[in-house]
Amino acid sequence: MSDAPGLVQFLTALGEMAQRASTPSTLPVWQRELLFAREPPRVTYAHREYDNIEDAKGTIIRQDDMTHKSFFFGPTELSALRRLVPVELQSCTTFELLTACVWRCRTIALQPDPEDEMRIICLMNARYRFKPPTIPIGYYGNAFVMPCAISTARELCKKPLAHALELVRKVKSDVTEEYVRSNADLMVIKGRPLFTAVGSFIVSDVTRSGLNDVDFGWGKAVYGGVAKGGAGSFPAVSFFIAFTNHKGESGIVVPICLPSVAMEKFIEELNSMLVQDNNNHVLQEHKLLAISKL
């Protein structure tokens with residue numbers, strides 16, 4: 001019904017009305033026609049996120065014996081990860097770095113066939129991709145796209161973190177106004193296809209969504225985000241959530257859902273990344289990142 005910005009707008013309006021406001025500070029805007037397909041529709045991008053599922057190769061996760069854990073990445077952990085990439089890539093965003101790290105660790109943990117195609121799908125806000133701005137403040141419907149980067153499991157596991165990072169950066173840079181329009185046109189031409197689930201891992205950054213700022217009269221939230229990894233029944237989804245740990249450090253919590261055996265491998269691989277710099281010198285202060293108790 002709505003994306004994260006739309007949900008936060010709705011919750012904020014409820015909070016304002018709970019505190020006796022007569023109208024919301026941001027009025028809702030419908031205007032779904034702003035994202036209608038063009039006439040005639042024309043697909044100008046590959047949109048690999050909607051590859052035919054029957055033709056897709058990749059690892060299918062069994063739903064039994066699943067384990068949920070949440071990992072906290074603070075300044076120390078993020079600095080350790082940033083040192084693992086070449087100097088020319090160290091200007092990457094936190095989202096790009098964390099996405100590349102989790103995608104690589106998760107693939108190693110699942111131990112897919114080396115030739116399997118592994119997909120990282122990034123949920124990206126489309127509101128700011130239009131020039132001049134097209135989607136007005138107050139629009140509360142879905143306005144996101146799901147660009148996809150693909151790598152074989154072999155390359156993702158064997159190559160350095162920079163490989164995954166470059167793929168994530170490339171797919172982000174591809175999201176332009178034309179990409180959004182092409183995506184809308186594809187929905188019409190192919191009859192609203194589902195994304196390719198096989199071999200896919202979906203990430204969404206809600207650190208700046210405003211969930212923590214929703215106030216019903218009792219003050220700001222202690223925590224604002226999903227209840228657990230895997231978005232309920234689908235384990236291939238993780239959200240990046242703003243969080244302050246028990247030490248008062250601001251960082252990002254990432255819920256992860258994996259089979260129990262794979263979760264052990266995920267933690268092992270993540271540890272190995274956090275305790276070594278580019279010269280393979282052990283960084284004693286970067287031991288296992290805290291599993292947050294939310």
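For the pair Ala37 and Val188, the tightest heavy-atom approach, listed with the atom from each and the gap, is CB-CG2, 3.4 Å. Closest approach of Ser151 and Glu155 over heavy atoms only: OG-CB, 3.7 Å. Across Leu161 and Leu81, no two heavy atoms sit closer than the pair CD2-O, 4.1 Å. Between Pro255 and Ser238, the shortest heavy-atom contact is O-OG, 2.7 Å. The two residues Leu35 and Ala184 make their nearest non-hydrogen contact at O-CB, 3.8 Å. What you find for Val180 and Arg129 is that their closest heavy atoms are CG2-CB, 4.2 Å.
Shown here are the ring pair (Phe, Tyr, Trp, His ring centres under 6.0 Å) partners of His47, two or more places apart in sequence or in another chain: Tyr179. Scanning for salt bridge (charged side-chain N to carboxylate O under 4.0 Å, His left out) contacts around Glu96 gives Arg169, Lys172, with sequence neighbours left out. With sequence neighbours left out, the side-chain hydrogen bond (donor to acceptor under 3.5 Å, both in side chains) criterion links Thr12 to no other residue. By the side-chain hydrogen bond (donor to acceptor under 3.5 Å, both in side chains) test, Arg48 pairs with Asp51, sequence neighbours left out. Residues forming a side-chain hydrogen bond (donor to acceptor under 3.5 Å, both in side chains) with Glu178 (at least two apart in sequence, or on another chain): Arg38, Thr44. Every salt bridge (charged side-chain N to carboxylate O under 4.0 Å, His left out) that Lys220 has, sequence neighbours left out, goes to Asp213. In this view, Asp215 satisfies the side-chain hydrogen bond (donor to acceptor under 3.5 Å, both in side chains) rule with no residue, not counting sequence neighbours. Among residues two or more places apart in sequence or in another chain, the side-chain contact (heavy atoms from CB on, under 4.5 Å) test is passed with Lys158 by Arg154.
The distance from atom OG of Ser70 to atom CD1 of Ile241, rounded to the nearest 0.5 Å, is 7.0 Å. Taken from CH2 in Trp218 to CD in Gln19, the straight-line distance is 10.0 Å, to the nearest 0.5 Å. Annotation: the span from Leu167 atom CG to Met118 atom CE amounts to 13.0 Å, rounded to 0.5 Å. For the atom pair CG of Leu98 and CZ of Phe71, the computed distance is 11.5 Å after rounding to the nearest 0.5 Å. We find the CG-OG distance between Leu11 and Ser209 to be 9.5 Å, quoted to the nearest 0.5 Å. Rounding to the nearest 0.5 Å gives a distance of 6.0 Å between CG of Leu258 and CE of Met66.
Under the 4.5 Å side-chain heavy-atom criterion for Ile, Leu, Val, Met, Phe, Trp and Tyr, Leu34 and Val29 are members of distinct hydrophobic clusters. No continuous path of hydrophobic side-chain contacts links Leu211 to Tyr223 [ILVMFWY only; heavy atoms under 4.5 Å]. Both Leu84 and Ile267 are part of a single hydrophobic cluster, where members link through side-chain heavy atoms under 4.5 Å apart. A chain of hydrophobic side-chain contacts below 4.5 Å, direct or via other Ile, Leu, Val, Met, Phe, Trp or Tyr residues, connects Met263 to Val203. A continuous path of hydrophobic side-chain contacts links Val254 to Phe201 [ILVMFWY only; heavy atoms under 4.5 Å].
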Table please: side-chain donor-acceptor pairs of residues 132-148 below 3.5 Å, with sequence neighbours left out.
{"from": "Thr134", "atom 1": "OG1", "to": "Pro132", "atom 2": "O", "distance (Å)": "3.3"}
{"from": "Asn142", "atom 1": "OD1", "to": "Asp3", "atom 2": "N", "distance (Å)": "3.2"}

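Here the side chain of Asp185 pairs no donor or acceptor atom with the backbone of Pro41 at under 3.5 angstrom. The backbone N or O of Cys92 sits less than 3.5 Å from a side-chain atom of Arg82, completing a donor-acceptor pair. When atom types are taken as modelled, the side chain of Asn212 and the backbone of Gly224 share a donor-acceptor pair closer than 3.5 angstrom. Distance alone, capped at 3.5 Å, places no donor-acceptor pair between the Arg83 side chain and the Leu78 backbone. No donor-acceptor pair closer than 3.5 Å links the side chain of Glu117 to the backbone N or O of Gly199.
Counting non-hydrogen atoms of other residues, nucleotides and ligands closer than 6.0 Å to CZ of Arg32 gives a total above 12.
Tyr45 has its ring centre no less than 6.0 Å from the ring centre of Tyr50.
Between the side chains of Glu16 and Ser25, at least one donor N or O lies within less than 3.5 Å of an accepting N or O.
Using bins of under 30°, 30° to 60° and over 60° for the plane-to-plane angle, the ring pair Phe243/Phe72 lands in the perpendicular bin.
Residues in residues 80-106 take part in these ring-ring contact (aromatic ring centres under 6.0 Å, His included) pairs, two or more places apart or across chains: Phe95-Phe240. Note on residues 247-267: pairs passing side-chain hydrogen bond (donor to acceptor under 3.5 Å, both in side chains), not counting sequence neighbours, are Asp65-Ser260, Thr67-Ser260, Asn245-Glu249. Applying the ring-ring contact (aromatic ring centres under 6.0 Å, His included) rule to pairs touching residues 107-137 yields nothing, sequence neighbours excluded.
Ion pairing of Arg104 with Glu269 is present here, as a side-chain N (NZ or NE/NH1/NH2) and a carboxylate O approach within less than 4.0 Å.
You'll find the side chain of Ile256 stays beyond 4.5 Å of the side chain of His68, heavy atoms only. Looking at Cys101 and Met273, their side chains come closer than 4.5 Å, going by heavy atoms from C-beta outward. Using a 4.5 Å cut-off on side-chain heavy atoms (C-beta onward), Leu274 and Leu270 make contact. For the pair Leu165 and Pro160, the minimum side-chain heavy-atom distance is 4.5 Å or more. Counting heavy atoms from C-beta outward, Thr94 and Ile252 have side chains that approach closer than 4.5 Å. Put simply, the side chain of Thr196 does not reach to within 4.5 Å of the side chain of Glu49, judged on heavy atoms.
For the side chain to side chain contact (heavy atoms under 4.5 Å, CB included) with Phe266, the lone residue among Val102, Ile108, Leu110 that qualifies is Val102.
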